[in-house]
Amino acid sequence: MDESVYEYVKVERKWQDAWFDAHIEEATKRKGQKFFIHFAYPGVSGYLHVGHMRGFSYCDIIARYKRMSGFDVLFPAGFHASGIPSVGFAKKVQRGDADTIRLLKQNRCSDEFIQRLTDPTEVVKYFSAVYVDNYWKKFGYLIDYSRIMTTISPGYKRFIQWQFHQLHAKHLLIQKPHFAPYCPNCGPVAVDRSETDVSQGGEAEVLEFTVIKFMLPDGKILPAATLRPETIFGVTNMWVNPTVEYSVVDVDDEQWICSSECIEKLSYQFDKVQPTLEKIPGSSLVGKTCRVPMVNRDVPILPGVFADPNVATGIVMSVPAHAPYDWIALVETKKPIAPIKIIDVPGFGENPAKEACDELHVTSQTQTDKLDQATELVYKKEFHTGVLNKLCGPYAGIRVSEIKDTVKNDLLGKDEAAILREFSQPVICRCGRRVVIKKIPDQWFIKYSDPDLTRESKEYARTMAIYPVEYWEELPKILDWFGDRAVIRKGSWLGTEFPYKKDWIIEPISDSTLYPAYYVLSKYVNTKRLPPEEMTDAFFDYVFLGRGTAKNALWREIKDDFDYWYPVNINLGGKEHKTVHFPVYIMNHVAIFPEPKRPRGLFVHWWVTQKGKEKISKSKGGAEPIHEAALTYGVDAMRLYYAHIGSPFVDIEWDAETVTKYKIRIQMLWRLFTHLNRTTDKPDENLDAWLQSTLTRRLHKIHEAYETFDLRVASNETFFEMPRDLQWYVKRGGKNAALVTKYLETWVCLATPITPHLSEELWAFLGHEPFVSTQPFPREATKDVSEYHEVGESLLIHVIDDLSEILKVTNITPKKISIYTAPAWKQQVLRLALDLEDRQLLSMNALMKEVMADPQLKAQAKLVSQYAGKVAGDIKKMTETDRQRYHVKLDEAGYLRQVKAFLEAAFSCPVEVWSADDAAIVDPVQKAKNAVPRRPALYIE
RNA sequence: GCAGGGGUAGCCAAGCUCGGUCAACGGCGACAGACUCAAGAUCUGUUCCUGCAGAGGUUCGGGGGUUCAAAUCCCUUCCCCUGCACCA
């Protein structure tokens, strides 16, 4: 190999093959202390992109660090194959989705093979192999590949069923009604942004309308749908659309009048819905009156064309004081009806709706954009700062934000209202049918609202190591907020059968909460030593909970493994997991496992986004395919990029140019380290001690950074600061081959977690046997710190800085440089002052007293007192480390004389070093008097 | 709506927990120099403003406050972003 070119593709390949041949990635129980880390396993929904590699890379870096730090490391991985993604992918292949087919072909899939991918389990199989072979192994991750598993294997399903038996036994499975998106043709559908099931409306939210029952004189109900039930006290009239023909429908023994579009919605959400043949034109309702529940007042029915039959019931109650639509409609009808103001809001007067309309110059019902704007304006203000006024009976004086649900619940309790759920925008199924919301009367839930479970989970989360700390603070609030979760569904999804209801499948969030425990088993499953049939509840009870007895030696062996590896030390996942996966991960562990087996830590990382903060989308194929990126930049460059580009807790923008710079740096490091002069063995006491000391400080900082998983600091010190130290050493003329070699060996070890391939290659270059990946991580030895030499070098750097600045400002070419270090008496005064400060006694008086006690200092009292005044002020501003460094008794002139040759070379002119105390001093322009400790006076000719 | 994150020099991005070492890590870009036939790469230096002696001035979204001292603490205001459940 040409030594000046670092052929990363070959190098990466070579070492990956070597690692996996030697199986250094497999978890073994040898060192007596263990570290269990895993990432939130990925769903199987297509090719991944460079963004996903960020979290995976963090995980491998941490795992490698721990492995080198004396831990047995278990770093397994698996696939979350449950749920909709692989089914969605298979469906796309089936319907010949052009993007999907093109993507597969780009990845060298044959037509024949593509056909196979119409089967979801084939999709899982295919992508599992892609992730392992093309992504994880190509990035050098030391994942224990002998434990790979998926959530749709027979063994895993038994594991999940055991989990649900446990939850059931603990009374954490409950049944109650639930409302879910449903296509009358296709059954349950997922409404989400990826739009796997739906062709339109993936962004839709479910709105919860309160349907308030207004009674007509003939006993029929006019059901007005509203999102603001508390405004019932301000109703002045009703709106029906005069151009619409309404229908009469029997609902739970009542007769409702609503738009015909509404009937279907009602039929999916209410138990007894029976359409009748009776139709009522809107126009014939106009002029009648109906009774407002709760306030028992009769109000007229008026025509309002804005009442949309597609929205909720098609009937609208009118609150002209607080709803801009109602206000404008009322103005247009020219009826002499006075708005009733029921909410007091600072910033608004007698009619907030009118004022908002005036402000936005709304004059007609048809100006829907402006009306929506006005509505939002009024609503937000009223919700946050509004208070119900005296017209609201028992609710008077209470803030809108607090009373909203109370009014609704009171209406519901008196059977004067009902709830109707509806999408905020039309949702269309892939089959073309409009998706509705359907009531499932006896849905099963995991009772995450359980007060004991919530409390215990919160208490436990407090004890966990959670990165970043902001999430540690946020988590208890999320656990409080986290409600019951519907856990089963029926439809074309992959997953485990729910044990208490035939043909229903456990949904994918709920089947991936205890899964790291399964990594202990998967090794035995994959080698066929543990057949699924053997995984009975008794088996799981024994292995995980220590209940019952072992049926055979294998059970004991597996239990030993479990007791060794569990609990998880770090579960690492993207920020999308903050509000769903991590909470249920904790809560299920708390519910089922005793405290010693609950996860010890979480690590949340943010995303890699595309330019403009747009999330890189998995479904769209991703910006930069992984295997191409690996070839273009090199894996080590990408790993370094992820670790160094920013804190793990901010989104980073993928930028090809930036990644290229990291590639160049890897090349540069290779060249730098392979071309170092390691043949001349010429020690230099000062310089060598300085390098050793600096190295020691770096080691300390790097170790600390890794211990808190601060990969940015660790990588910055290793890949930027350390090479710079070494370059300074070389530039200063350092030639101690033994020391340089030792430095290099240390560096290679330090770099290994982040750039393992480069490290292995350098390790071999240095003549060592493989693998550096299994070497111990270097630790500092405090005896190697030499403050004296650090201070000496910093003095030198300071002098160079000052000289440069003078040259820059004066723009002269130096013919000769004179350096004058401070006289001994200044050093003495400074030290006296520092001593006083250490005893917290420093003041001008105290200092002068001390100083005058010395006859030699007293002899030049005037100069001394001038300097002392300045020193006292300076010391007050110093930091602790500054003060410590000033304590070091450095022979400044002596030190600088030793580096004379270096300075002369750097400034290309003769250099003289004088101490202000020198009898023979040459000081033509009287500079020496300005010298102070650590700040020699300078004169350039 | 609920919960959370963020605004730092041309750009990306540290620092903010524990106020002083901060004109503010590091990187990129730009400029100059070295090397080279040249380009690229690499190396050196400069890169807020002013300054012919190592200095001074003005900065960390806006405004106000605490302090000898604030990017860092407090108050207030404007703007941006993210998650929210049957999607993983």
Side-chain angles (χ1 to χ4, degrees), chain A residues 40-45 80 82-85 88 178 180-181 188 190-197 202 205 227 379-380 383-384 401 404 443 445 448 468-471 473-474 477-478 480-489 493 507-510 512 573-581 583-584 606-607 609 613 615 618 644-647 649-653 655 657-658 660-662 664-665 667-668 671-672 712-713 715-717 719-721 724 727 731 798-799 801-812 873 876-882 885 925 927 930 935 937-940:
Chain A
Y41 53 10
V44 188
S45 58
H80 194 198
S82 331
I84 201 172
H178 182 63
V191 176
D192 69 333
R193 273 172 278 290
S194 75
E195 302 198 334
T196 301
D197 282 358
E205 286 177 75
L227 295 169
Y379 180 78
K380 280 207 167 142
F383 184 87
H384 290 289
S401 52
K404 205 178 178 73
Q443 169 66 286
F445 289 80
Y448 290 114
V469 67
E470 285 79 8
Y471 184 53
E473 285 160 7
E474 186 185 358
K477 293 182 230 171
I478 297 172
D480 261 334
W481 158 86
F482 205 94
D484 300 339
R485 184 179 179 90
V487 290
I488 59 172
R489 13 184 237 202
W493 333 76
E507 61 86 29
I509 292 293
S510 306
S512 42
K575 66 174 176 179
E576 70 276 21
H577 295 304
K578 286 203 296 178
T579 50
V580 184
H581 172 248
V584 298
W606 267 234
W607 294 332
T609 59
K613 302 281 182 210
K615 186 186 176 186
K618 218 191 312 189
H644 185 259
I645 187 69
S647 150
F649 317 123
V650 296
D651 289 337
I652 53 175
E653 275 182 23
D655 177 7
E657 262 180 64
T658 307
T660 307
K661 299 301 170 186
Y662 283 91
I664 290 168
R665 176 152 286 263
Q667 306 274 12
M668 184 277 269
R671 245 193 325 270
L672 172 68
R712 187 179 192 274
V713 166
S715 54
N716 197 242
E717 290 290 308
F719 291 89
F720 293 89
E721 303 295 350
R724 184 177 307 165
Q727 281 172 307
K731 186 173 165 186
H798 213 138
V799 167
D801 282 350
D802 279 351
L803 287 170
S804 308
E805 176 141 7
I806 294 166
L807 291 175
K808 182 186 149 201
V809 171
T810 58
N811 220 357
I812 57 181
K876 286 287 181 198
K877 283 188 205 158
M878 285 179 196
T879 59
E880 190 54 39
T881 43
D882 264 353
R885 290 206 150 182
V925 291
K927 283 282 180 188
N930 297 325
R935 204 77 201 278
L938 305 171
Y939 177 55
I940 304 174

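All chains are named by letter (A, B, ...) in the order of the sequence lines, taking the proteins before the strands, and each is independently numbered beginning at 1. Basis for what follows: all heavy atoms, side chains included, without hydrogens, waters or symmetry-related copies.
In this structure, B/U82 forms a base pair with B/A3, meeting either the Watson-Crick or the G-U wobble geometry with both donor-acceptor distances under 3.5 Å. The nucleotide B/U42 finds its pairing partner in B/A34, both defining distances of the Watson-Crick or G-U wobble pair being shorter than 3.5 Å. Remark: B/C11 base-pairs with B/G27. Criterion, Watson-Crick or G-U wobble with two distances under 3.5 Å.
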Quick tally for nucleotides 24-29 of chain B: nucleotides whose base has a protein heavy atom under 4.0 Å get B, sugar-phosphate-only ones S, the rest -, giving -BBSSS

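Side-chain contact check for A/Pro508 versus A/His80: some heavy-atom pair is nearer than 4.5 Å.
Here A/Lys808 reaches the OP1 or OP2 of B/U47: one of its side-chain N or O atoms lies under 4.0 Å away.
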List every contact pair, protein side and nucleotides 53-61 of chain B side both N or O, where the distance is under 3.5 Å.
unit_1	atom_1	unit_2	atom_2	d
B/A53	N6	A/Ile940	N	3.4
B/A53	N6	A/Ile940	O	2.6
B/A53	N1	A/Ile940	N	3.0
B/G54	O2'	A/Asp802	OD1	2.9
B/G54	O2'	A/Arg935	NH2	3.4
B/G54	N1	A/Pro936	O	3.2
B/G54	N1	A/Leu938	N	3.4
B/G54	N2	A/Asp802	OD2	2.9
B/G54	N2	A/Pro936	O	2.7
B/G54	N3	A/Asp802	OD2	3.3
B/A55	OP1	A/Arg935	NH2	3.1
B/A55	N7	A/Glu805	OE2	3.2

Using the 3.5 Å cut-off, write out each protein N or O paired with an N or O of nucleotides 38-40 of chain B and the distance between them.
none

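Counting any heavy atom pair closer than 4.0 Å across all strands shown, A/Ser512 reaches no nucleic acid atom.
A salt bridge links A/Arg724 with A/Glu721: the closest approach of a Lys/Arg side-chain nitrogen to an acidic carboxylate oxygen falls below 4.0 angstrom.
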Hey, mind stepping through A/Glu473 and A/Tyr471 against side chain to side chain contact (heavy atoms under 4.5 Å, CB included) and telling me if it holds? CA-CA 5 Å; A/Glu473 285 160 7; A/Tyr471 184 53; over 6 Å; no

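A/Ser510 and A/Glu507 share a donor-acceptor pair across their side chains, judged by distance under 3.5 Å alone.
Comparing B/G33 with B/G20, their C1' atoms sit 37 Å apart, to the nearest whole Å.
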